[in-house]
Each structure stands twice: as C-alpha cells, then as structure tokens.
Amino acid sequence: MSFGGEDPVPEARAGRAADAAVPGRTGTSPDDLVLPLVAVGAAGVLAGYAYLRRTRRARTRTAPGTGSPRPPAPTPAESDRQARAALVAADDAVRTSREELAWAEAQFGPAAVEPFTRALRAAETELSAAFAIRRRYEEGLPGAADARRQALVGVIGRCAEAGRRLDTEAAAFDRLRAPVRDLGGALDIAERRSRELAGRTAGAEATAAGLGERYGPTAAEPVRGHAEQAEDRLLFATAALDQARRAADSDDAERAVRRLRAAEGAVAQADVFVTGVERLARELAEAAALVPSALTGAEAELARARAGLARAPAVEPGPAGRRGTAAAPGARPEAPPRSRTAANRVPAGEFRARLAHADTVLAAVRGELTGGPYDPLDALRRIARAVEPVSTGRSGAVPLAGFLAARSTTAAEDFVTTHRAAVGAEARTLLAEAVRLLAQGGTRAADELARTARQFAERDVRTHGTPYTGEAGYAAGLAGAVLGGVLLGTAPDGGPPASFGGPRTRGRRGPGPRG
C-alpha cells in the first residue's frame with residue numbers, strides 16, 4: 001500500500017502485534033484487564049461480607065470488650081462440688097506433705113528442711129481459713145445468694161493457694177531427697193522404723209484386747225482393728241522396702257525411690273494406728289484415776305448451786321438475771337455480782353430441773369464405779385456435761401474432765417489420716433472446726449464435733465469400700481495403702497505413691513509401683 005509517492009507500508013494486523021508496534025503501549029489491552037479486576041472486586045466484597053458476619057456473630061456470643069466467648073457461670077451445685085473437691089485435695093496434700101517432711105527431717109535434720117516446714121505451715125494456714133469459710137457456709141452464713149457464691153470462691157481460692165505453696169517447693173524437696181543424697185541411708189531409716197513398729201504392733205494388739213476387758217467394749221471402740229490395720233500397712237511396707245533394695249542394687253534409682261516413698265507412707269500410718277492404741281490406754285488410765293475426784297468436785301458444784309438458789313428464790317429469765325423485787329423509782333438497775341451463779345440466770349423451775357438431772361447422772365456414774373467395767377472417758381464426759389448448766393466454774397476437776405473427754409479430736413484425726421482416700425469434705429470440715437474450738441477452750445463443742453466428724457468419716461469409708469482387695473501380684477496390703485492415700489489409686493496396681501507437694505505435684509512419682 002502506498003500513499004502519495006512514499007514507499008509502500010505493510011498493513012498491520014489487528015491484535016497483539018499491532019499493539020506492540022506502537023511506541024508506549026504494553027502487551028496487554030484494557031479489555032484484557034477487565035475480567036481480573038472484576039474478579040478481584042468480587043472477592044473483596046465477599047471477604048468483607050464474611051468479616052461482617054463473623055464480627056456480628058462474635059458480638060452476640062462474647063462479653064463487651066472481650067474477644068473470647070464468655071464461659072457459662074457455674075451453677076451453685078457445681079460451685080459447691082468444686083469447693084468440696086478442693087478441700088479434700090488440699091487436705092490430702094497437707095497430710096501427705098507432713099508425713100514425708102517428717103522422714104526428710106529424720107534423715108537430714110531440722111535445719112535442712114526449714115524452707116519446706118515454712119511452706120507447710122503457710123499451706124496449713126490457708127487450709128484452716130478455707131475450712132473456716134466452709135464451716136460458716138454450711139451454717140448458712142452468709143445468707144445472700146451472691147455472698148454465698150463468693151464464699152465458695154473463697155474456699156476454692158484458699159485451697160489453691162495452699163496447694164501452690166507446696167507445689168512451689170516440690171522440686172527443691174526432690175533435690176533434697178534425691179537418690180544421690182543417700183538412698184541407702186533413707187532405706188536404713190525406713191527399715192529400722194518398720195522393725196520397731198512390728199514389735200510395738202504385737203504389744204498394741206494385746207493392749208487393745210486388755211482395754212476391752214478392763215473398761216468395756218465401748219471404751220476400746222475408737223481403736224478397734226488398729227492392730228490389724230497396722231500389720232496390714234507393715235506387710236505393704238516390707239514388700240515395698242524389699243523391692244526398693246533390689247532396685248537400688250540394680251541401679252534403678254527411680255524405681256527404688258518410688259518403692260521407698262510408698263513404704264515410708266505405709267510405715268507412717270502403721271505408727272498412727274499403734275500410737276492410737278497406746279495413747280488411748282494412757283488416757284483411759286488417766287481418766288479412771290480422775291473420775292472419783294471429778295465426782296467429788298461435781299457434787300461440790302451442785303451444793304454451791306443449791307445454796308445460790310436458796311439465796312435467790314425469785315428468779316426472772318433474762319440475760320441480766322434480775323431479781324423479782326421491783327427497784328425504787330429512779331434507781332439504777334443493780335449490776336449482777338461477779339460471783340452470781342447459774343441460778344441467777346435462769347428461771348428457778350428450770351434450774352431445779354437441771355440440778356435433778358445432774359444428781360441422776362452423778363448417781364449413775366457412782367454406780368458404774370462399783371458395778372464393773374465402765375468407760376472412764378465417757379464417765380468424765382457425762383459428768384462435765386451434767387454439771388456445766390449449773391456450774392459456778394470454781395471446781396478444777398470438772399473442766400479437766402471435759403478437756404480429757406474432748407481428746408476425741410485426736411482419734412478422729414487419726415481416722416481421717418489413715419482413711420483419707422475415702423473421707424469427704426463434710427467430715428474434714430467438722431474435724432477442722434473441732435480442732436479450732438479445742439484450741440480456744442471450747443471443749444464440749446469440740447468433743448461433739450469431733451465425734452460427729454468420726455461418724456461421717458466412717459460412713460464415707462463404708463460407702464467407698466475396698467476395691468483393691470484380692471488384686472493379684474502386688475496385693476499384700478494394697479487395699480489399705482490405697483485407702484490410706486499412700487498410693488494415689490490411679491491405676492489397677494494402686495498408682496504412684498503420694499509425695500510432698502500440692503495437688504498438682506503430689507502424684508509426680510509415676511508410673512505406678514510396678515513400673
């Protein structure tokens with residue numbers, strides 16, 4: 001093709017070749033960019049819509065100002081269950097840590113275990129506070145629903161802090177008792193204590209039988225079966241110590257330590273059983289010697305109370321104990337004398353009924369003294385309770401009688417310690433309150449609570465049963481070791497031994513005893 005005489009120019013074809021021949025043009029036409037741009041725009045619109053939907057959905061499921069779903073608030077029943085479980089776990093951890101700390105102190109001395117002693121005391125303080133909150137909660141205090149929920153939160157928090165105190169020291173405690181620190185020495189101590197307890201157990205069995213013959217079956221009831229259970233724990237300990245020795249000889253330090261710790265826990269509980277029998281024998285003898293003087297003191301109290309009643313025949317009920325005579329106009333009410341007896345604080349008829357009841361109780365106790373075997377601790381308890389409503393507080397024998405009777409807190413403590421895998425929070429809470437009241441001098445209330453705690457603990461054990469009875473292989477004493485919390489019962493063979501530490505670390509010495 002030519003134009004005006006110039007050289008012919010070839011005709012350009014439509015398409016990419018023509019575009020490329022034009023200076024400043026790229027290889028892509030506007031038409032080629034339309035479809036990608038449309039696709040990108042559509043994707044952006046879809047992404048924005050999806051984002052808006054996710055945001056709207058999240059806002060309907062989360063609390064304002066948070067980025068995660070709000071967990072549903074626990075129901076009152078769930079909070080109560082969590083509080084009970086926390087109390088049991090923390091109490092078990094404290095009891096186990098106390099036992100193992102005693103072994104460490106015997107091996108290394110008090111100075112070496114001082115940091116762990118401080119941690120244990122701090123944990124005990126937190127646990128006592130948790131039990132006190134729980135006790136008030138069970139009594140209906142506080143009353144408002146929100147305050148009661150906060151009380152349960154306080155129980156759980158105190159228990160968590162008790163566990164944290166022990167968990168924090170668990171690793172350091174393991175370093176103190178590491179096998180390289182004298183595994184052989186620890187085995188020697190445990191074997192020596194086991195042999196010594198075996199001899200005491202034989203004596204305890206004879207002592208328990210003698211208590212029943214001398215004081216009657218009810219007097220020996222708190223230690224019924226103690227000698228047999230001590231023998232059971234020692235059977236377990238003997239087998240575990242033998243396995244620990246063989247493991248140590250084979251340079252299997254990990255297994256040796258697991259078996260040693262299990263044996264130590266069993267020996268400690270055998271000691272609780274045997275010591276309980278020996279202590280009860282001493283207390284019954286002490287109580288039997290005190291009963292005559294307690295009776296004399298109680299009768300003197302009744303005589304003084306009758307004298308006070310004769311001096312104040314007209315009595316009005318009320319906290320001030322006002323006399324029945326009218327006061328002169330404008331005169332100030334007479335302040336009650338410091339020596340005023342119970343006769344001035346109750347109606348005369350009620351007071352006479354109390355005196356008559358006390359007379360009946362004292363006469364019955366005197367009859368038991370001459371009539372055959374009787375329970376002297378129970379006699380002291382009855383004397384103290386009969387005289388208390390009319391007492392002037394001037395006889396030392398009667399308060400002492402009440403204090404001796406209140407030692408039932410110790411028997412309840414022993415039972416919980418040696419059956420702790422089965423005992424629930426209710427019995428432990430009552431026992432903790434009994435211990436607190438006894439420390440404050442509230443002997444009667446402490447005695448009643450401790451006896452109730454023991455009853456609840458025995459009920460829990462009956463309900464729990466002994467599922468490990470008759471297990472093949474490592475079965476000697478296995479059921480008792482699990483029931484007593486020596487083994488944590490997390491496996492068919494009994495699980496790992498419990499250790500110094502809180503709920504998070506006390507089962508760290510796994511796998512199980514056969515591992």
Whether [X] side chain and [Y] backbone form a donor-acceptor pair below 3.5 Å:
X	Y	value
S97	G501	yes
S250	R246	yes
E100	F500	yes
R165	A123	no
Q269	G484	yes

Ion pair [X]/[Y], N-O distance below 4.0 Å:
X	Y	value
R192	D188	no
D92	R428	yes
R136	E139	no
R444	D447	no
R200	E196	yes
R81	E78	no
R118	E114	yes
R454	E221	no
R95	E413	yes
R420	D460	no
E124	R121	no
R158	E161	no
R451	E448	no
E191	R245	yes

Working to the nearest 0.5 Å, report the span between [atom1] of [X] and [atom2] of [Y].
X	Y	atom1	atom2	value
H226	D414	NE2	CG	6.0 Å
Y215	L377	OH	CG	9.0 Å
L101	T96	CG	OG1	12.0 Å
R436	L449	CZ	CG	9.5 Å
F236	L241	CZ	CG	9.5 Å
T410	E283	OG1	CD	6.5 Å

Answer whether the closest heavy-atom distance between the side chains of [X] and [Y] falls below 4.5 Å.
X	Y	answer
Y137	R148	yes
L487	L478	yes
E138	E433	no
L438	T443	yes
E99	T417	yes
R233	V272	no
L437	T409	no
L211	E213	no

Indicate the atoms forming the closest heavy-atom contact of [X] with [Y], along with that distance.
X	Y	result
A170	T505	CB-OG1, 3.6 Å
R177	A104	CD-CB, 3.9 Å
L234	S194	CD2-OG, 3.9 Å
V267	A190	CG2-O, 4.5 Å
A358	L302	CB-CD2, 3.7 Å
A204	V274	CB-CG1, 4.1 Å

Q: Check step by step if side-chain contact (heavy atoms from CB on, under 4.5 Å) holds for V365 and Y374.
A: CA-CA 9 Å; V365 172; Y374 75 101; 5.7 Å; no
Q.
Can you confirm whether the side chains of R134 and T429 place a donor and an acceptor under 3.5 Å from each other?
A. no
Q. Going by atom types alone, do E231 and T201 pair a side-chain donor with an acceptor below 3.5 Å?
A. no
Q: With sequence neighbours left out, write down each residue that passes ring-ring contact (aromatic ring centres under 6.0 Å, His included) with F456, or none if nothing qualifies.
A: none
Q: Output, in order, the C-alpha distance, side-chain angles, deciding distance and verdict of side-chain contact (heavy atoms from CB on, under 4.5 Å) for D91 and V423.
A: CA-CA 11 Å; D91 191 43; V423 178; over 6 Å; no
(Q) Tell me whether the count of non-hydrogen atoms from other residues, nucleotides or ligands lying under 6.0 Å of CZ in R181 goes above 12. (A) yes
Q.
Pair V257, R261 - check side-chain contact (heavy atoms from CB on, under 4.5 Å), show working.
A. CA-CA 6 Å; V257 168; R261 298 299 179 257; 4.0 Å; yes
Q | side-chain contact (heavy atoms from CB on, under 4.5 Å) evaluation trace for L290 with L404 | A | CA-CA 10 Å; L290 182 62; L404 291 180; 3.4 Å; yes
